[in-house]
Amino acid sequence: MTSGGDAPGMNACVRAIVRSASSHRMLIQGIIRGYEGMINGDFQPMDSRTVANIIHRGGTILKTARSKDFRTKEGRQQAYEQLKVNHIDAVVAIGGDGTFTGADIFSEEFGIPFIGLPGTIDNDLYGTDYTIGFDTAVNTAIEAVDKIRDTADSHDRLFFIEVMGRDSGYIALYTGIGVGAGTIMLPETDTNYDELVDILKAGEKRKKLFNLIIVAEGNKTGGAYKIAEEVQKRYDHYETKVAVIGHLQRGGAPTAADRLLASRLGYGAVDALVNGERNVMVGIVNQQVVYTPLNEAITKEKKLIPELVKMSNVLAR
Ligand code: F6P
């Protein structure tokens with residue numbers, strides 16, 4: 001099943017799981033709409049042919065949801081009964097921390113083994129260098145910002161551009177580095193307006209004509225609109241504009257990197273089941289497939305790479 005926010009590459013991963021499992025002669029059912037489908041018994045038999053022609057498609061053919069009912073004991077009980085009736089012995093779940101938190105509680109309560117696969121554009125899961133969908137989301141954001149750059153440059157304007165990332169600044173950091181942003185505002189760091197205005201003034205002295213500032217959605221002081229408003233108050237001789245890229249980042253054909261990652265992880269999930277692994281997330285660290293217990297994947301924090309934060313500040317000057 002796919003669960004939580006969709007991410008480009010989920011279909012490539014579903015394809016890899018189904019084809020790898022078929023090669024072991026396993027019987028496979030797709031659960032529709034994540035935990036919602038598990039509760040409602042919405043299952044569909046799958047085989048190699050049902051996953052043909054999807055490797056390049058964004059979204060998820062299995063559909064997805066953020067289930068409220070699965071947070072209740074009654075909902076989970078119903079899900080367990082549906083799994084039993086449908087003879088399901090193990091679940092492979094592609095999703096993020098919400099998905100794995102549910103999986104961890106559920107397998108503790110009912111003993112159903114889970115294999116988790118990191119699928120979220122946020123890249124915020126411990127136990128893997130990258131999550132499925134992150135590379136595509138960053139490429140989409142970079143393409144969008146490149147277009148904004150043309151108009152920002154033509155008008156000598158200051159642009160605040162908001163990218164996704166509720167708790168993690170990975171999308172903002174990679175996008176900011178990729179577009180050569182003047183400043184990157186992350187959820188992990190505090191926004192200091194005076195400091196920001198000083199950076200803009202220093203840029204002006206160096207004859208910097210326009211500025212692109214990347215703001216992560218989860219920035220603690222507020223999103224791009226709030227920051228732009230505050231900066232405009234302190235720095236009013238520059239025309240300020242805001243663009244929120246939003247869900248554009250969640251769609252589209254997965255990049256080569258995401259297709260490869262998704263295929264490796266899907267294949268790795270079936271390998272994990274065959275090797276008797278239970279309740280682990282399959283990730284890739286330094287090109288090697290690694291297993292991390294689900295409760296570690298959700299409780300341990302995946303930190304930003306400090307060297308990249310430092311580098312982005314130097315390269316922006
Ligand atoms: O977790 C992925 C993500 O795209 C976050 O970056 C964003 O905050 C959130 O999902 C948005 O969720 P929804 O599509 O449910 O509004």
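Small disclaimer: the values here were computed from a predicted structure and weren't measured. Heavy atoms only: backbone and side chains are in, while hydrogens, waters and symmetry mates are out. In each ligand, atom 1 is the first atom listed, and ligand 1 is the first ligand listed.
Under the 3.5 Å distance criterion, with hydrogens and angles disregarded, no donor-acceptor pair is assigned to the side chains of Ser67 and Asp69.
Side-chain contact check for Leu125 versus Lys302: every heavy-atom pair is 4.5 Å or farther apart.
The closest non-hydrogen atom to atom 9 (C) of ligand 1, taken over Arg66, His247, Gln249, comes from Arg66. Ranked by closest heavy atom to atom 6 (O) of ligand 1, the top entry among Asp167, Asp122, Asn123 is Asp122.
Atom OH of Tyr126 has 12 or fewer neighbouring heavy atoms from other residues, nucleotides or ligands inside a 6.0 Å radius.
Protein heavy atom in closest approach to atom 7 (C) of ligand 1: Glu217 OE1, 3.5 Å.
Short contacts between ligand 1 and Arg250, defined as distances under 4.0 Å to a heavy atom of the residue, involve ligand atoms 3 (C), 4 (O), 9 (C), 10 (O), 11 (C), 12 (O), 13 (P), 14 (O). Which parts of ligand 1 touch Gly165 is read off a 4.0 Å heavy-atom cut-off, strictly below it: atoms 6 (O).
At a 3.5 angstrom cut-off on N or O pairs, Ile121 does not count as close to ligand 1.
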Got a list of side-chain donor-acceptor pairs under 3.5 Å for residues 171-183, not counting sequence neighbours?
{"from": "Tyr174", "atom 1": "OH", "to": "Tyr130", "atom 2": "OH", "distance (Å)": "3.0"}
{"from": "Thr175", "atom 1": "OG1", "to": "Ile171", "atom 2": "O", "distance (Å)": "2.7"}

Would you mind writing out the side-chain donor-acceptor pairs for residues 81-96 within the sub-3.5 Å range, not counting sequence neighbours?
{"from": "Glu81", "atom 1": "OE2", "to": "Gln77", "atom 2": "NE2", "distance (Å)": "2.8"}
{"from": "Asn86", "atom 1": "ND2", "to": "Gln82", "atom 2": "O", "distance (Å)": "2.8"}

